[in-house]
Peer 1: 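My questions will all concern the structure given below.
We name chains A, B, ... by the order of the sequence lines, and we start the count at 1 in each one.
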Amino acid sequence: MQMDIDRLCMKNELAKFIDSGVAEDAYTVYYAYLEMFIGEYGRSQNMVELLSEFESNASSLLMKHRDHYSHSVYVFALGLAIYEMYPDFRKAFMNFYFLDRENEPAAAAFFLKYWGLTALFHDIGYPFEIPFEQVVSYFEVDRKKREKGLMYIAYHDLDQFVAIGEEDNRQLESIYGRRFASVCDLLAHGIFLHLGAAYNISEKRLLKVIENKPTRPDDNSYYMDHAFFSAVRLYRELVSIPDGDKLSRATVDALTAIMLHNSLYKFAVADYKNKDPKKRKAPLRKELHPLAWLLMLCDELQCWDRTAYGRNSRTELHPMAADFHFSGNAIHSVYHYDLEEVQKIHDFWEEYFAWEEKNDGSKPPRLKDYSDTAAKEQRFRRDIESIVDLTGFPLFVDSDLRTVDREVKHTYLSSSNFLHIYDFAVALNARYNYQGKEEDVPVEKLEAEFNALSLEYKLLNINQVRSFARYLNAIDCFYTDKPVDFDVLKAFTPEMISVFAPMEHVRWVRDHQLAGWRQGNEYETLLVLEPKEDEKAARRALREQLRHHKLTMNTDASEEEILAHYEVLSPEDQGKDWLPFNSMLKLLRKFDGLRIYQLGKD
Amino acid sequence: MSYTAIEAMRKKNAERFHADIGPHRPPFFPGEETGTDLKSAALRFLEKRCVGLRFSSEKEKEPDSLQYADGYRPALHEK
């Protein structure tokens with residue numbers, strides 16, 4: 001069966017994310033991908049949510065740290081755009097995997113699956129790097145350098161983490177003709193197959209470097225490489241999913257692309273910053289490992305709109321937006337910086353012009369990332385070109401200043417240190433079956449019922465949850481898990497309901513429009529031939545088959561028309577727009593410390 | 001419940017009810033059909049290039065028998 005609706009869901013969620021860039025919108029892209037290609041989201045919930053939660057809760061004390069959760073979804077989008085726009089990349093990808101060039105849709109589906117695996121999860125290992133960086137930051141505050149004498153933490157007892165089960169090893173043997181002692185061994189072999197000869201690096205050497213990543217950061221310039229943990233953590237996730245896909249060459253390629261993307265390729269394979277230019281190896285060609293090539297390119301390009309958590313991150317100047325034009329077999333990018341930072345930029349240029357005038361052979365001044373994209377050295381572009389081969393695929397980089405549009409971020413007072421979106425959506429769905437008794441039903445049962453829904457209906461629940469902060473904002477309320485000196489809201493008043501219920505109707509109609517639903521009640525009037533007792537079910541099925549709903553509106557309806565439409569709904573239908581939120585009030589109590597408060601109440 | 005093959009269902013409904021009553025795909029996002037920006041290109045990939053994406057039970061033939069094409073395993077063929 002074609003998954004047109006699921007594909008449409010992913011497209012709509014990706015469109016929302018590209019417009020806003022916020023973590024809540026990134027969440028539904030992860031959600032759609034996992035449901036479409038891996039298995040139930042709930043089974044992989046921790047892998048995805050821990051990245052976001054560790055970053056937002058544990059990164060503030062680092063010297064430098066920036067968001068990797070939304071970043072990964074931007075990387076995913078960039079890769080899709082490059083595949084779409086560049087025939088040379090498509091050709092390289094199809095040739096590499098021996099895909100039928102006459103069957104482009106099958107090749108694109110194949111790319112979507114394995115590029116998604118590569119891009120969306122390439123940074124999930126950051127929670128393992130953050131504790132290392134926290135300890136280093138403690139000393140870096142006193143400007144201690146990363147060199148011998150720096151105290152650091154390292155990981156031990158990794159045997160189980162990197163172990164390969166008997167069944168998985170049999171599967172790998174059928175692909176590679178040999179068994180593997182560990183995931184490190186598998187990654188080293190996978191990388192050697194593609195890059196060994198071209199870069200004159202042995203499998204043994206690769207294995208040693210990979211094995212040292214978690215245990216010997218001193219061998220890695222005193223850095224802990226999150227890429228190792230991302231690759232191994234993803235391997236563990238994939239082999240733990242019951243009835244999941246078997247391991248394949250493309251799966252292993254996704255893992256090796258992730259393993260390579262941070263420092264392994266740059267330093268151990270290509271040695272791209274060697275002081276002796278002759279010892280630097282050539283940048284990676286897409287034909288050698290298309291997934292790794294694309295990941296490193298997109299990972300470097302995606303430097304805009306990344307929440308800064310660390311001490312120094314806030315004193316740098318990063319682009320807050322970017323525009324790309326993929327045309328004429330080139331990538332044209334313009335990075336936009338915040339106009340309010342004009343003083344910082346002015347100071348940089350003064351220093352830069354003074355340096356130019358001095359002309360003493362010293363290094364140019366740097367205001368990361370601004371100067372990398374704006375100064376004539378074009379460090380940003382040159383760095384990318386030294387990592388990935390862009391022959392026939394030139395990159396043009398420009399920069400400008402503009403006013404930040406914060407409205408697209410739809411940021412409200414409501415906040416939580418944890419995402420909770422999935423838990424809320426599962427519980428919210430329970431309202432339909434257990435109205436008023438949701439709290440008494442075991443969570444596992446609620447989760448099983450939620451997971452029986454199609455992706456479209458799961459996302460409808462999730463998007464309802466995600467709108468909650470906006471509705472609370474409209475009625476001068478907010479939720480938080482911090483103890484604050486405001487009155488706790490125990491129930492919504494009729495006045496509050498009259499504000500947010502029409503807003504929820506607009507959201508519901510808009511989400512249905514995006515998913516191709518049209519206004520109509522033919523499912524109630526057309527002749528159906530099922531026996532009388534099955535007629536209700538048959539008409540429900542017909543509604544889905546037609547994608548008509550009597551309560552939605554067609555795509556040309558304005559917001560005013562949808563609000564007017566809400567006013568003429570029956571009280572029962574109006575209740576669908578606010579009753580779930582009364583349930584939300586009860587559900588929030590299930591989550592420790594999360595409460596709704598009212599502003600301006602003594 | 002969700003019927004996922006839009007065009008197939010549309011044809012089936014047209015035969016059943018003798019009218020093109022749906023389902024229909026929603027309109028494109030602005031720029032999606034021809035735009036060269038990030039959003040347009042990424043969405044167009046999902047909308048047009050992935051047509052026919054199937055659920056896993058019937059998905060594209062892959063993994064076990066997947067081979068790399070000659071000339072695209074440079075580690076073995078190039079130096």
Peer 1: Can you tell me which residue among E84(A), H332(A), H325(A) is in a side chain to side chain donor-acceptor pair (under 3.5 Å) with T36(B)?
Peer 2: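 Going through E84(A), H332(A), H325(A) one by one, the side chain to side chain donor-acceptor pair (under 3.5 Å) with T36(B) is satisfied by H325(A) alone.
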
Peer 1: Distance check, rounded to the nearest 0.5 Å: I18(A) atom CD1 versus L38(B) atom CG?
Peer 2: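 These two atoms lie 4.5 Å from each other.
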
Peer 1: Which atom pair, heavy atoms only, marks the closest approach of A515(A) to P26(B)?
Peer 2: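 For A515(A) and P26(B), the tightest heavy-atom pair comes out as C-CG, 4.3 Å.
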
Peer 1: Evaluate the side-chain proximity of P23(B) to L546(A): yes if any heavy-atom separation is below 4.5 Å, no if none is.
Peer 2: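 Not touching, per the 4.5 Å side-chain cut-off.
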
Peer 1: Taking every heavy-atom pair that is under 4.5 Å apart, which of H24(B), R10(B), K12(B) has the most such pairs with chain A?
Peer 2: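 The candidate making the most pairs under 4.5 Å is H24(B).
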
Peer 1: Would you compute the distance between atom CE of M9(B) and atom CG of D4(A) and round it to the nearest 0.5 angstrom?
Peer 2: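 It is 10.5 Å, given to the nearest 0.5 Å.
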
Peer 1: Pick from L514(A), I82(A), D323(A), N103(A): which one has the most heavy-atom pairs with chain B under 4.5 Å?
Peer 2: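 Ranked by heavy-atom pairs under 4.5 Å with chain B, first place is L514(A).
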
Peer 1: Heavy-atom distances under 4.5 Å only: say whether L526(A) touches chain B with side chain, backbone, both or neither.
Peer 2: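 Only the side chain of L526(A) comes within 4.5 Å of chain B.
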
Peer 1: Rounded at 0.5 Å granularity, tell me how far CE in M85(A) sits from CG in D37(B).
Peer 2: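 It comes to 9.0 Å.
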
Peer 1: Could you tell me whether a side-chain N or O of N13(B) sits under 3.5 Å from a main-chain N or O of Q545(A), the two making a donor and an acceptor?
Peer 2: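 Pair found, side chain donor or acceptor close to backbone of Q545(A).
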
Peer 1: Below 4.5 Å from any heavy atom of chain B, which atoms of E104(A) appear? Answer side chain, backbone, both or neither.
Peer 2: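 For E104(A), backbone and side chain are both near chain B.
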
Peer 1: Does R7(A) reach the main-chain N or O of L46(B) with its side chain, forming a donor-acceptor pair under 3.5 Å?
Peer 2: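 Present.
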
Peer 1: Identify the two heavy atoms, one from C50(B) and one from A109(A), that lie closest to each other, and give their separation to 0.1 Å.
Peer 2: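 What the structure gives for the nearest pair is SG-N, 4.1 Å.
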
Peer 1: Counting C-beta onward and ignoring hydrogens, is there a side-chain heavy-atom pair between F17(B) and L542(A) closer than 4.5 Å?
Peer 2: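 The answer is yes, as the side chains (C-beta and beyond) meet within the 4.5 Å cut-off.
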
Peer 1: Report which part of A107(A) has an atom under 4.5 Å of a heavy atom belonging to chain B: side chain, backbone, both, or neither.
Peer 2: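 Contact with chain B is absent: no heavy atom of A107(A) under 4.5 Å.
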
Peer 1: Heavy-atom pairs under 4.5 Å with chain B: which of Y199(A), F326(A), F324(A) has the most?
Peer 2: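 With the most close heavy-atom pairs to chain B, the winner is F326(A).
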
Peer 1: Side chain from CB out, backbone as N, CA, C, O: work out which of these in E32(B) comes under 4.5 Å of a heavy atom of chain A, or both, or neither.
Peer 2: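 Interface part for E32(B): side chain.
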
Peer 1: Go through A77(A), S327(A), A15(A) and name the one with the most non-hydrogen pairs under 4.5 angstrom from chain B.
Peer 2: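 It is A15(A).
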
Peer 1: Measure the CZ-NZ distance between R44(B) and K11(A) for me, rounded to the nearest 0.5 Å.
Peer 2: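 So the CZ of R44(B) and the NZ of K11(A) are separated by 11.0 Å.
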
Peer 1: Side chain, backbone, both or neither: which part of F17(A) has an atom under 4.5 Å from a heavy atom of chain B?
Peer 2: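 The answer is neither part of F17(A).
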
Peer 1: Please walk me through it: do R49(B) and Y83(A) pass side chain to side chain contact (heavy atoms under 4.5 Å, CB included)?
Peer 2: CA-CA 10 Å; R49(B) 204 168 285 279; Y83(A) 186 96; 3.5 Å; yes

Peer 1: Under the 3.5 angstrom rule, does the side chain of H548(A) hit a backbone N or O of I21(B) as a donor-acceptor pair?
Peer 2: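 Between the backbone of I21(B) and the side chain of H548(A) there is a qualifying donor-acceptor contact (under 3.5 Å).
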
Peer 1: Taking atom CG of D19(A) and atom NZ of K39(B), what is their separation to the nearest 0.5 Å?
Peer 2: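 D19(A) CG to K39(B) NZ: 3.0 Å, rounded to 0.5 Å.
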
